[in-house]
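This report concerns only the one structure given below.
Every number for a ligand or one of its atoms is a count from 1 in the order of the listing.
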Amino acid sequence: MRLSCAIASSLLAATTLATTNSRFFRRASDSGYTLKEGPLDTPWTSKVGTNPWPEYPRPQLQRSEWKTLNGVWRYQNATSSDDVNRPPYGVNLTSPVLVPFCLESALSGVMAKWAINSWYQTSFTVPSSWSGNRVLLNFGAVDYEATIFLNGQQVGFHRGGYFTFTIDVTDHLSANGTNEMFVFVHDPTDMGDVQIPIGKQTLHPSHIFYTPCSGIWQSVWLESAPSNHITQLDVSADMNGRVNVTVHASNNGSTLVEITIYEPKSTAVKTTAKGTSGGAFQFTVDSPDLWSPDQPTLYNITVKMGDDTVQSYTGFRTISKGTVNDVHRVLLNGEVIFPFGTLDQGFWPDGIYTAPSREAMIYDLQVLKGVGYNMLRKHLFEPALFYQACDEIGIMVIQDMPSLRTQVQRPGSTACNDGVPVGYASAQAEFERELPLLIEQHKSYPSIITWIIYNEGWGQEVDKEYPEFRLTNLIRSLDPTRLINSVTGWDDHGAGDFHDNHHYANPQCGTPFYSTASTPYDGKRIGIQGEFGGIGNNVSIEHLWKVQPSINAINQTYELDDTVEIWNYRAHVLLMELKDQIDRFACSGAIWTQTTDVEGEVNGMVTYDRRINRMNIDQWKSDIKALYDAVAARSDNSSMRMMPRQDGIGSL
Ligand SMILES: *[C@@H]1O[C@H](CO)[C@@H](O)[C@H](O)[C@H]1NC(C)=O
Ligand SMILES: *[C@@H]1O[C@H](CO)[C@@H](O)[C@H](O)[C@H]1NC(C)=O
Ligand SMILES: *[C@@H]1O[C@H](CO)[C@@H](O)[C@H](O)[C@H]1NC(C)=O
Ligand SMILES: *[C@@H]1O[C@H](CO)[C@@H](O)[C@H](O)[C@H]1NC(C)=O
Ligand SMILES: *[C@@H]1O[C@H](CO)[C@@H](O)[C@H](O)[C@H]1NC(C)=O
Ligand SMILES: *[C@@H]1O[C@H](CO)[C@@H](O)[C@H](O)[C@H]1NC(C)=O
Ligand SMILES: *[C@@H]1O[C@H](CO)[C@@H](O)[C@H](O)[C@H]1NC(C)=O
Ligand SMILES: *[C@@H]1O[C@H](CO)[C@@H](O)[C@H](O)[C@H]1NC(C)=O
Ligand SMILES: *[C@@H]1O[C@H](CO)[C@@H](O)[C@H](O)[C@H]1NC(C)=O
């Protein structure tokens, strides 16, 4: 979605409107935690309670001995980033906070504004049955910097809002059994001229940029592991049954590893293999059932290394590209597939970055799957359980690197589009540090088919060099099993596997015509419509994010349709225009804006509170099927020029 007057309107104060709706006020008896009344709730808000997200958080590296630390902690605002040097030992912090919901969310019980520097506090005990083993403290994600203190000592520091990180705290546990933990969080988001990877967060929310998320926003948990344990497990499995595994061990050594793959939904062993930790090894599974959106078959895995045993899973599939009847296509398992999905922001009115529950998170995916979408495009990195759900339900994921901030307001200016681009070498360096690490952490999910580096030029250097070429090569070397969409929309210089236009409301997908900020289809790469649609419908006040600047921004939507019926009529027209482009031109994938309304954007399949689904289900099903049929009609596979190379990547 195009940046418009967001910079200028950022000067408006974010005032929450009074609301008469108090159905979700509730007091937890023991902790003092109270759910705050936010600008909008969802059907799941009031069901969260004080034991949120109880599921094991890391399904691809799962241990049996674990303990969640999610629940009510204490919180206090800190006045400066120097406070990290003065942990408030011996003090009970002022307010309860529900972990893992970020400080700005109603579910956190804090609903902070400008949570730039914050203290968290909790205490925990370690089960006595874990003695003799190492105790690992895991954070799913903390935005943006976290410094961890345990029993009076600093035990860890982590930078980057979208990562899982682990600290071995064994040597810092208390002798009396009660462990006191403080976490200091520094999250400047886009304060002043700060430029860090933030995706669509801003301290000045308006229209296409939203409420920020600060602090702990994914599960925190402890687990027990032997002294030499598996720290990371990379698994990829292709359409020919070849499995490529790298087991990373805490001692960095080369230890014997035994791997067992089970038949789907069964405890019967399919294959066993042996290798060593610290380097890649390969083996083959006989004629596996392949993973696809239609048949998302997964295989459970057990990996044993010395005394450590972990559970994981994989899916067998190959992503590649090929030219079929002169059109460049995405191939899944050697066959043409038309990735058709939504732009999926992953924001929640009650949890901001964190869905209120797994059930709520799955609801969004079922809405998409229910009308035949086979893909979604993700602007931020989600918790591991989200990708597992996509793997299980059968939804392909096109994954963005969270963007650097776009521009800063010119001093003293309130005019639209009067920002100066930010572009510090240090910001680019941090972006380049995080990018490969995020890919390493997420490369074992079968559902992820493509990586995106830059969105609409945000934070993309264009004066001194075109960094997307260098970064595309870097990603290719880290992960040769997926396609790369180097720039989605705007400043395209020819890098990567896709030529990707953004255009609202109607598509320009692989077409020889184009508009401002786009480029004509170049014919060398796969043509994809990275964003289109975006048509809006302003339902009614009870489904809106009740914050005045957001409501004022609703008329920045590209098109507003008076009624849901008109919205569905317009959607049909736009989808048939896309179908026409499939028939005539080189359109090989498309992304409709967007899954849900978000704050001042009212263009979702469903409203921000998930209470209204705008889609005429039968019409959308038949329109989406018509797109797939149009692609199939142009992709008679007898004339396919190539099959995927053995390493999984086709060349055009
Ligand atoms: C925290 O304190 C700082 C400095 O006093 C203040 O600017 C900021 O608004 C406070 N934030 C919250 C969430 O209370
Ligand atoms: C902190 O809270 C705990 C539990 O409510 C209480 O036992 C303790 O005395 C408090 N400590 C301080 C320093 O107030
Ligand atoms: C237990 O030890 C920790 C530090 O090791 C200390 O902070 C805490 O006060 C002790 N608690 C009791 C009940 O002795
Ligand atoms: C296996 O994975 C490693 C690490 O991702 C990669 O370097 C290697 O090329 C892969 N090997 C094969 C045969 O695919
Ligand atoms: C293993 O390697 C990592 C990364 O190089 C290093 O930080 C760590 O200290 C090493 N661990 C051991 C036990 O050698
Ligand atoms: C994997 O194992 C879990 C529990 O052991 C089971 O619930 C699940 O259905 C299995 N998944 C597959 C794909 O076989
Ligand atoms: C959008 O609405 C605001 C008030 O809600 C109004 O001031 C402004 O003129 C409108 N802009 C357009 C382009 O209609
Ligand atoms: C959208 O609806 C809200 C609530 O009824 C209203 O205040 C606002 O003016 C509407 N905006 C537009 C652009 O229709
Ligand atoms: C070609 O398509 C047919 C029908 O969809 C399918 O049965 C066959 O396996 C395909 N062949 C190849 C090589 O993909």
Side-chain angles (χ1 to χ4, degrees), residues 4-5 9 12 15-21 28-33 39-40 71-76 87-97 119-125 134 136 152 155-158 165-168 170-171 176 178-182 206-207 225-232 246-255 277-279 305-306 308 433 436-437 440-441 534-564 566-567 597-604 607-609 611-612 614:
S4 57
C5 287
S9 41
L12 291 165
T15 339
T16 303
L17 294 189
T19 152
T20 52
N21 181 351
S29 53
D30 52 349
S31 58
Y33 163 77
L40 186 66
V72 180
W73 296 24
R74 310 286 305 171
Y75 154 80
Q76 196 166 300
Y89 296 132
V91 170
N92 288 336
L93 301 185
T94 51
S95 320
V97 59
W119 281 110
Y120 283 87
Q121 175 185 37
T122 192
S123 65
F124 60 84
T125 58
R134 307 305 291 181
L136 307 180
V155 297
F157 170 80
H158 187 267
F165 59 95
T166 301
I167 304 167
D168 182 335
T170 320
D171 299 336
N176 67 32
T178 301
N179 297 283
E180 307 284 350
M181 179 158 72
F182 286 89
S206 181
H207 193 44
S227 64
N228 184 32
H229 55 266
I230 299 167
T231 53
Q232 191 188 317
T246 304
V247 177
H248 302 259
S250 58
N251 70 358
N252 296 334
S254 177
T255 309
S277 62
M305 181 188 76
D308 198 17
R433 185 189 72 86
L437 294 174
E440 291 291 349
Q441 251 184 33
I535 55 174
N537 162 246
N538 192 11
V539 186
S540 61
I541 188 71
E542 59 267 35
H543 303 284
L544 288 180
W545 179 248
K546 289 178 255 323
V547 172
Q548 198 60 56
S550 295
I551 291 177
N552 293 347
I554 287 173
N555 62 7
Q556 291 178 36
T557 309
Y558 287 100
E559 169 180 317
L560 282 171
D561 303 327
D562 267 1
T563 64
V564 165
I566 297 298
W567 182 87
D597 293 357
V598 188
E599 304 199 349
E601 287 184 277
V602 293
N603 49 10
T607 50
Y608 198 23
D609 61 3
R611 286 194 172 90
I612 293 182
R614 292 190 177 90

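Annotation: the span from L544 atom CG to I554 atom CD1 amounts to 4.5 Å, rounded to 0.5 Å. From T231, atom OG1 reaches atom CG of N251 across 9.5 Å, with rounding to the nearest 0.5 Å. For the atom pair W73 CH2 and Y120 OH, the distance stands at 8.0 Å (nearest 0.5 Å).
Ring geometry for F182 against W119 counts as perpendicular: the plane angle is over 60°, on a 0 to 90° scale with 30° as the lower cut.
Heavy-atom minimum distance, N552 versus N555: O-OD1, 3.2 Å. Closest non-hydrogen pair, P436 versus R433, comes out as CD-O, 3.5 Å.
The one candidate from D597, D609, T607, V547 that meets the side-chain contact (heavy atoms from CB on, under 4.5 Å) condition with L40 is D609.
When each atom of ligand 8 is checked for a heavy atom of L544 under 4.0 Å away, the hits are 2 (O), 3 (C), 4 (C).
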For each nitrogen or oxygen atom of ligand 2, which protein N/O atoms lie closer than 3.5 Å, and how far apart are they, rounded to 0.1 Å?
residue  : atom   : partner : partner atom : Å
ligand 2 : 2 (O)  : N92     : ND2          : 2.3
ligand 2 : 11 (N) : N92     : ND2          : 2.9
ligand 2 : 14 (O) : N92     : ND2          : 3.4

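Considering backbone and side-chain N/O atoms, N252 comes within less than 3.5 Å of an N/O atom of ligand 5. Close N/O approach between N538 and ligand 8 is found [any backbone or side-chain N/O within under 3.5 Å].
If you look at V602 next to ligand 8, there are no close heavy atoms at all, none under 4.0 Å.
Counting heavy atoms from C-beta on, the side chains of V602 and R614 come closer than 4.5 Å.
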